[in-house]
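Quick notes on the structure that follows.
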Amino acid sequence: MKTFGIIAVVLCGALLIYGTVDFPEWGDPASPASTYVSPYYIEHSIPDTSVPNIVTAILADYRGYDTMFETAVVFAAGIACIFLLRIEKRDSPRSRLYRHIPTGVTIRIEQGGRLPEGSRDLERIDSVWVPYDLIIKTGCRLVIPFIQLFALYVIAHGHHSPGGGFQGGVIFGAAIILYALAYDLRTAQTHLPIRTSVLLSSTGVLIYAGTGALCLLLGANFLNYSALAGLLGVDPVTARSHGILIVEIGVALAVMAVMVGLYYIISSAGRLDEGL
Amino acid sequence: MATIYSIKPLLAVIVSLLLIPVLISSRTPNIREGWTFAIALAKFLIVASMVPAVLLGNQIVFTVAEIIPGLAIRFKVDALGILFALVASLLWIVTSAYSIGYMRGLKEHSQTRYFCFFALALSATIGVAFSANLLTLYLFYEMLSFATYPLVTHHQDREARSSGRKYLLYIVGPSIGLVLPAMLICYHLTGTLEFTPRGFLAGAASPLMTAVLLFMFIFGFAKAAIMPMHAWLPAAMVAPTPVSALLHAVAVVKVGVFSIARVMTGVFGVDLLAGLHLGTIVCYIAGFTVIVASLMAISQDGLKRRLAFSTIGQLSYIVLGVALLSPKGMTGGLVHIAMHAFGKITLFFCAGAIFVATGKKYISEMTGIGKRMPVTMVAFFIGSLSVIGLPPTGGFFSKWYLVLGTLESGQTTMLIILLTSSLLNAAYFLPIVYHAFFCSPEKAMFGDDIQEAPLWCVVPPVITAAGSVFLFFYPTLFVRLAELAIGL
Amino acid sequence: MDPVIAFIIAKYNYWMYIILMMIGLCGMIIKKNLIKKIIGMNIFQTAIILFYISIAAKKNATIPIIAHAHGDGHAAVNAAGIINPLPHVLMLTAIVVAVATLGVALALAIKIYRQYHTLEEDEIISQIRE
Amino acid sequence: MNSHFPALIIVVPLLSAFVIVMAGWLNKKYCFPLAAAALGSSLVSAVAMLSRVMDSGPFTYHLGGWAPPWGIEYRVDHLNALVLVVVAAVAFINLIATRAIVRADFPEKTGSFYGLYSLFATGLLGVVVTGDAFNLFVLLEITALTGYALIGIGKQHAPLASLNYIFMGTIGASFYLLGVGYLYLATGTLNMADLALHLSKISGSTVVLAAFLICLTGLYMKMALFPLHAWLPNAYACAPSAAAGIIAPLTTKVMVYVLIRITLFVFTPAFTYAHLPLNQAMIWLASLAIVMGSILALSQKSLKKILVYIIVAEVGYMVGGLWIGNRISISGSILHIVNDAAMTLCVFLAAAGLQFKLKGDSFIALRGSFRKMPYTMAALVVGGLSIIGVPPTCGFFSKWYLISGALTAGTYQFVVALLLNSLVNVVLFFRIFEIGYFEPFPGQDSHRGQKAQAINEAPLSMVAMLLLVSAGLIALGLFSSDMVTRIILPSIPAGIL
């Protein structure tokens, strides 16, 4: 099997190298790729969509259809993992671990016994015992809001600087995952349960496809934001820029929710009780 | 030589298909049998209604659908088609009567399925008889093979499974492996598959290719049971006797021979075959089959297996007749389709009646049965006379024309083959009749309560025996149709 | 320098992506551990992303964001000065696709581990054989 | 409204997928009706588009209002209008037929299942209708991703099979992406019609040939052509029967459609058929695929495994028909896309019904199935006859065109392979019919006089759909001539003799 693999790889490499004979040099400004379609984008992105960041303009408007399916891919991955891994009937765990916050003493209760929920100074911890981590908890509690703020900045500022829906969404998701890492999966799930994460991800993608369908209903072609001019009360060009912003928000929402959902499912291998 | 466009051919084919939903929904067996009779009669009447038009020399054409650009499922009723369809539909009426007696006599299981597939097989047979081009013929030929599979393997036991497997191997294999490519090559060479009076393949291919195509067709249509492709017929005797009677004596095997006759006259054309001397080669193949089959028939102890080998021999008479390419010979071959049908179906009916009445299958157990079942054995005697080709029965006519045909085309070896095979036929039929009537068994073969089979099983053989005697005195209908088919 | 070396120097980005791709392909075919195969798959996809991005590069051209102040007229933008933005857009999609496939592959790896308690392919196949 | 059908056919199932997933978490009973409504509307718009193309010829739809080389464009011509109807019809029929099975197999996950199912259908519809090379890659990935999940949920070693499918599928998709990258590098555009224009100008350079070979290997891997088919048998056999009902009939056929779209419409026939040795090699490869597919099928022990290897052989039919290169054989392979999707749907639905009622589809479980489930087995017989190639059913006609095309082109190995495959199919199917018809021997004495066992038929919706599809097989056969003359022949580009 090994030799066959190496032969196949070498053969494939030779085919690829054979292909590069007529390639243009690296960075050559006269190469066909940079002289045919892309100059139009560079010259017309401001007059058409008044969005300085050409990549966002192409991403959400010229080739907005690709990005819609890209968000659908993210959504599909989230749903697929939940579909594959989720275990419905969870048998209750044998033993439970509790920690007395003031003294740091941990208590183990066997045969599925449990303590009343609301006790102030006793908190439940994962069976994979984690050392007392006051520094991490407080540190994270301080940092997370700023990460989320920065994520919102990245989303909103996608028009003018490198950024946009995907990057912002991932940063926002990372903030929540950091929270789940610092504390434990159960507390993270109290703030953002798996059910809301799935509902959020579908609303995000629905926002994207919905704006496209809205343009359809208003008579223009699918995803043609200039049709929103009437609705938003602006001229068609700024309508396109606002359309791009709405779509970016939808993408961010979907990506954030899916990242969080993926982390919940994969880290707890479907049982959604104890993560990393 | 006008062509009439009417829906009758389609009706003739479809009418027995209508029987299937009726059979499934009928509650009591009597209603079911009543419907079978009614539909069989209707089918015969539709076919008979077309005979006068065909006798005047015109054709009835009906196009069902154009399924390939330039090719359609089209029915064309001409003399050859109507000859075969008449025989098949007439004998279906008699066989449905017989199968009532047989199936009830032996209390066979799932009879509704039996009657449904029987109707399907008959509609396929009539479809082949009326097909206007090779594609429609192939369509109904395949339909017939798959419709008769559940009939052959009716008893659903281990022996039925192995004979069903052999049945498929010998029939579906050559049909897909040989007939399909041959048909496609013909279409590729000439662009058409319509049967034309003088054949459409003349000059389209090299002599070698024409010969190869001819042999692909002859051995492809394995239902004609020409020697290397004959093994499925004895194996199919495991089926209930009405199936063997109608299908393996009349419908299925005749479809094979009919297709070969159709291909030789409609696709290749008489003068192309004569020009390349292919006719004589086919004669030798058929002659070989006749002799070897008759020899093997003598050595068979099972009555139905002996009849099966005799059928293989008789079928090759028809192929031999057509391959003689002389007017008399071809007429003899085509008339033999009808004559042999009446004779052989009587023999199978008697075999079935003996099995129902006494449960005996082997000839050695049948000495002295004549005293117990005189009517059946007399019918058996008349049937064997017809197959041997002796005067009081119709079989004599086809042998007569065949012999004239060999003389006409100067094939003396064929003459010798015909005469010796007639002797062989006598050699394997008359001993049965002799033992049945004139010898008495050493130990008591039969309990004293044995007597004739139930009425339903005895009357049909008598009718068909009377039919073959009637054909001796009034053969003009079939002879005239055969001559028309050859274009005299 | 003679043309061959010049030829190699001028197109070194293509050799990079071919080498990276072949490493990825090797990882997928030869390695037995499933996680290593998944990593190999990821390298394979990243190599193609590198190839696309290398198409976009132009000598001494700036990033595809047009310097502007709000509301003023637009200076004439000359296309040669700005790199080709299209491959970057395409590769955003390809990266997302790679992540999605990685996620589903890891989910399946967990399911396989839960079923066979191993991630070595030959052990799994021997377990299936019994 | 009718000018927006190309967008509607994709957007409605896409939106419904997201709403179904939400409904899955809120209130399960709305999932099935939503999915049925969405796919039904796609079917209606597909048929409307086909009739529009047949009346007034191909038309285009600019997504986002941008003209082709800059924006993404949908080109709807005869070829993809026909395949669209097939995909929408198969997805809809399978959805209705396997309702009871889904409720039994995944009682609490129906929301996610139907969401993934309609995303899968959206991906396939998108792949067929798109006119942009990169957009095709994204839609391929959606189809692949949802396919991995739908297969991975099955029993026994489904996750492992799905993981292998991921590896092979990703390599295939990435090779296709690389091919599109080479084309983009050589021409600068991504729109298929535009690519064809520019490629004809520079067809001499090695980049185009390299892109051609890379695209082909990628697509062959995705359609499981013989040497690269290792992932298909386990993946389709272990998949849950509701998912196999849509994946098996459609994925490989849509990939063959993509192959035809790329070779004939992007790399124009002048380029594709210019390299003689390449064509001959491909025809030998296709014949090998047919022969090996049927031989491997002979050694399988369960119904689904046999059907899967038959799919591997059928892929060889279509690829061979394409590479023979004359109008008859290409129309044969396009007709076979339609016929094969219908045939595979019929036999897989029958297998699903058998597995649902007889608890398993190995040869032991199938004993006496004619008696217990007469209608399902009747549909399996019709499907089997069609795969064997018996005239009234559609399988015969695509074989007819393929063989007559091969005869005119003189590639006799392809003719021999097709006939051998038909004969092996006879053995395969009649072995199953024998088991269903004759056995069980030991349990009872021979069937003489034994009361008919209680008929334990599959659920009504399944049986109704099965009979509809088997009637469709015969109807497809009888109307194949109209389909060829009015839809398939005009869809073949002019450059082919």
Side-chain angles (χ1 to χ4, degrees), chain B residues 24 64-73 106-110 112-113 124 127 131 135-143 145-147 149-150 153-162 164-165 167-169 171-189 191, chain D residues 328 331 368 370-371 374 381 384-385 388-394 396-397 399-408 410 412 415-416 418-427 429-431 433-435 437-439 441 445-452 475 477-482 484-485 489:
Chain B
I24 292 174
V64 175
E66 203 187 286
I67 46 175
I68 287 170
L71 262 177
I73 298 183
L106 294 169
K107 283 183 282 306
E108 286 279 353
H109 66 289
S110 56
T112 325
R113 179 186 71 194
S131 55
L135 185 67
T136 331
L137 187 130
Y138 181 75
L139 187 145
F140 286 107
Y141 183 90
E142 287 283 319
M143 193 168 132
S145 335
F146 291 114
Y149 177 77
T153 57
H154 187 74
H155 294 313
Q156 287 174 304
D157 50 17
R158 231 173 275 283
E159 196 200 351
R161 184 218 286 251
S162 64
R165 202 170 276 186
Y167 182 78
L168 274 181
L169 180 71
I171 289 193
V172 178
S175 114
I176 290 180
L178 294 171
V179 173
L180 183 60
M183 182 166 65
L184 274 159
I185 292 169
C186 284
Y187 181 68
H188 167 59
L189 288 175
Chain D
I328 310 167
S331 59
F370 268 100
R371 186 167 302 291
V381 164
L385 291 184
I388 292 166
V390 171
T393 58
C394 53
F396 170 79
F397 296 99
K399 271 198 184 69
W400 173 279
Y401 287 107
L402 287 170
I403 293 180
S404 47
L407 281 177
T408 36
Y412 297 111
V415 175
V416 168
L418 283 177
L419 292 177
L420 185 74
N421 182 271
S422 307
L423 295 173
V424 168
N425 285 344
V426 171
V427 173
F429 276 101
F430 271 87
R431 200 165 41 165
F433 298 152
E434 271 177 9
I435 291 166
Y437 188 67
F438 293 106
E439 307 203 4
F441 299 117
D445 58 357
S446 82
H447 294 241
R448 195 172 302 285
Q450 166 257 352
K451 200 184 67 50
L478 294 179
F479 295 114
S480 62
S481 147
D482 307 339
V484 167
T485 44
L489 281 179

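Throughout, protein chains are lettered first and strands after them, A, B, ... in sequence-line order, and every chain is numbered starting at 1.
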Partner residues of Ser145(B) under the side-chain contact (heavy atoms from CB on, under 4.5 Å) criterion, sequence neighbours left out: Tyr141(B), Ile171(B), Val172(B), Lys223(B)
- request: List for me each residue that meets side-chain contact (heavy atoms from CB on, under 4.5 Å) alongside Val64(B), sequence neighbours excluded, and say none if there are none.
  value: Leu10(B), Phe62(B), Ile73(B), Phe75(B)
Please classify the contact of [X] with chain B as side chain, backbone, both or neither, using a heavy-atom distance under 4.5 Å.
| X | result |
| --- | --- |
| Ile328(D) | neither |
| Ser480(D) | both |
| Phe396(D) | side chain |
| Phe479(D) | neither |
| Val415(D) | neither |

Shortest non-hydrogen separation from [X] to [Y] and the atoms involved:
| X | Y | result |
| --- | --- | --- |
| Asp157(B) | Phe438(D) | O-CD2, 4.2 Å |
| Tyr401(D) | Pro69(B) | OH-CD, 3.0 Å |
| Pro391(D) | Tyr138(B) | CG-CD2, 3.5 Å |

Give the member of [options] that has the highest number of heavy-atom pairs under 4.5 Å with chain D.
| options | result |
| --- | --- |
| Leu71(B), Leu135(B), Leu139(B) | Leu139(B) |
| Thr153(B), Ile176(B), Leu169(B), Ile185(B) | Thr153(B) |
| Glu142(B), Met183(B), Met143(B), His188(B) | His188(B) |

query: From Glu66(B) CD over to Thr485(D) OG1, what is the distance, rounded to the nearest 0.5 angstrom?
result: 8.0 Å
Contacting moiety of Leu184(B), where chain D heavy atoms sit under 4.5 Å: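 Both parts, backbone and side chain.
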- line: If one checks every heavy atom of Ala160(B) against chain D at 4.5 Å, the contacting part turns out to be both
message: Quick check: Phe430(D) with Tyr149(B) (ring centres under 6.0 Å apart)?
response: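 Yes, they do, as the ring centres are separated by less than 6.0 Å.
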- prompt: Is the closest side-chain heavy-atom distance between Trp400(D) and Tyr187(B) below 4.5 Å?
  reply: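 In contact.
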